[in-house]
Amino acid sequence: QVQLVESGGGLVQAGGSLRLTCRASGSVNSISGMSWYRQAPGKRRDLVAGIARSGQTYIEDFVKGRFTISRDNDKNTVYLQMDSLELEDTAVYFCRADLIFPVVSGVDHYWGQGTQVTVSS
């Protein structure tokens, strides 16, 4: 069992910055990688960035150069630094933890509750 808690969302003007935090607890040694997704009203939940156990990172093109994913392993925490925010970045941002192996129930990933990011003009 892994629990994920996101924080750091809020209201920010276009061009501003926010740093999102995802703190993991529970069976953190079972996590193979963590990622950030976002979902705007009426839209699908899209991958934004990910980081593997190895430290390898991936950033989607639509935020590349503006967003950075990082981690603090000692704190079981992953961050999403968001700079030069645009109106289109408005969404609920979710943290996801993927497991090395599915648990007996078949679950192979966990979601956080999400944190709202609203970018105003």
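Val63 and Phe94 end up in different hydrophobic clusters when Ile, Leu, Val, Met, Phe, Trp and Tyr side chains are linked at under 4.5 Å. Using a 4.5 Å cut-off between side-chain heavy atoms of Ile, Leu, Val, Met, Phe, Trp and Tyr, with links allowed through other members, Met34 and Val107 fall into the same hydrophobic cluster. Criterion: ILVMFWY side-chain heavy atoms under 4.5 Å apart, direct or through other members. Under it, Ile69 and Val28 are part of a common hydrophobic cluster.
The backbone N or O of Val119 lies less than 3.5 Å from a partner atom in the side chain of Thr90, making a donor-acceptor pair. Not a single donor-acceptor pair under 3.5 Å links the side chain of Arg45 to the backbone N or O of Val92. No side-chain donor-acceptor contact under 3.5 Å links Gln39 to the backbone of Ala91.
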**Asked** Between Arg53 and Ile100, is a side chain to side chain contact (heavy atoms under 4.5 Å, CB included) present by the stated rule, with each step listed?
**Response** CA-CA 10 Å; Arg53 176 177 283 267; Ile100 300 171; 3.9 Å; yes
**Message:** For a side chain to side chain contact (heavy atoms under 4.5 Å, CB included) check, start with the C-alpha distance between Glu88 and Phe62, then their side-chain angles and the critical distance, and finish with the verdict.
**Reply:** CA-CA 10 Å; Glu88 294 75 17; Phe62 57 84; over 6 Å; no
**Criterion side chain to side chain contact (heavy atoms under 4.5 Å, CB included) on Ile31 and Asn76, from CA distance to verdict** = CA-CA 10 Å; Ile31 298 173; Asn76 299 317; over 6 Å; no
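The shortest non-hydrogen separation linking Arg66 to Leu85 is NH1-CA, 3.9 Å. Across all non-hydrogen atoms, the minimal contact from Leu87 to Ser121 is CD2-N, 3.5 Å.
The environment of Lys64 atom NZ is dense: over 12 non-hydrogen atoms of other residues, nucleotides or ligands sit within 6.0 angstrom.
Screening residues 98-121 for salt bridge (charged side-chain N to carboxylate O under 4.0 Å, His left out) gives Arg96-Asp98 as the qualifying pairs, with residues at least two apart or on separate chains.
Taking the six-membered ring for Trp and thresholds of 30 and 60 degrees, Phe67 and Tyr93 have ring planes inclined between 30 and 60 degrees apart.
Relative to the ring axis of Tyr79, Arg19 places its NZ or CZ within 45° and under 6.0 Å from the centre.
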